[in-house]
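The model shown is predicted, which means the values in this text are computed figures rather than measured ones.
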Amino acid sequence: MLVNHERRLLIRAAETVGHRIAVCRQANASWPGDHSRLLALESTGHLRRVDHCGDSEGTVAVWQITPAGLVQLQMLTSGAH
């Protein structure tokens, strides 16, 4: 079974207060796999970056789903069973 990361991440963003999704940089300074997927969704206009901050606890990148992302999510989930 193929995982539809686009649908999974857009759903995750849409279900939160403020329609936001965040990932934290790992202790070894690398980003989790979803970071590149979120960047891809940003490049298509389905997400927009709203924050990228770092402190002694680590670095966090935050995106918010866009109206185009909500439309895309509706299209992705309308055929889901």
Inset, instruction - Take Asp51 and Val60 through the side chain to side chain contact (heavy atoms under 4.5 Å, CB included) test and state the conclusion after the steps. - result: CA-CA 8 Å; Asp51 198 8; Val60 178; over 6 Å; no

Which pair of heavy atoms, one from [X] and one from [Y], lies closest together, and at what distance?
{"X": "Leu10", "Y": "Leu73", "value": "O-CD2, 3.8 Å"}
{"X": "Leu38", "Y": "Leu47", "value": "CD2-CD1, 3.4 Å"}
{"X": "Gly33", "Y": "Ser36", "value": "O-OG, 3.0 Å"}
{"X": "Cys24", "Y": "Pro32", "value": "O-CD, 3.3 Å"}

Inset, instruction - Under the side-chain contact (heavy atoms from CB on, under 4.5 Å) rule, collect the residues that match up with Val50, sequence neighbours excluded. - result: Arg20, Arg48, Val62, Gln64

Inset, instruction - Would you give the length of the straight line joining atom CD1 of Ile65 to atom NE2 of His19, rounded to the nearest 0.5 angstrom? - result: 7.5 Å

Ignoring hydrogens and angles, write down the donor-acceptor pairs under 3.5 Å from the side chains of residues 39-46, residues two or more places apart or on other chains.
from: Glu42; atom 1: OE1; to: Trp63; atom 2: NE1; distance (Å): 3.1
from: Ser43; atom 1: OG; to: Ala40; atom 2: O; distance (Å): 2.7
from: Thr44; atom 1: OG1; to: Leu41; atom 2: O; distance (Å): 2.9
from: Thr44; atom 1: OG1; to: His46; atom 2: ND1; distance (Å): 3.0

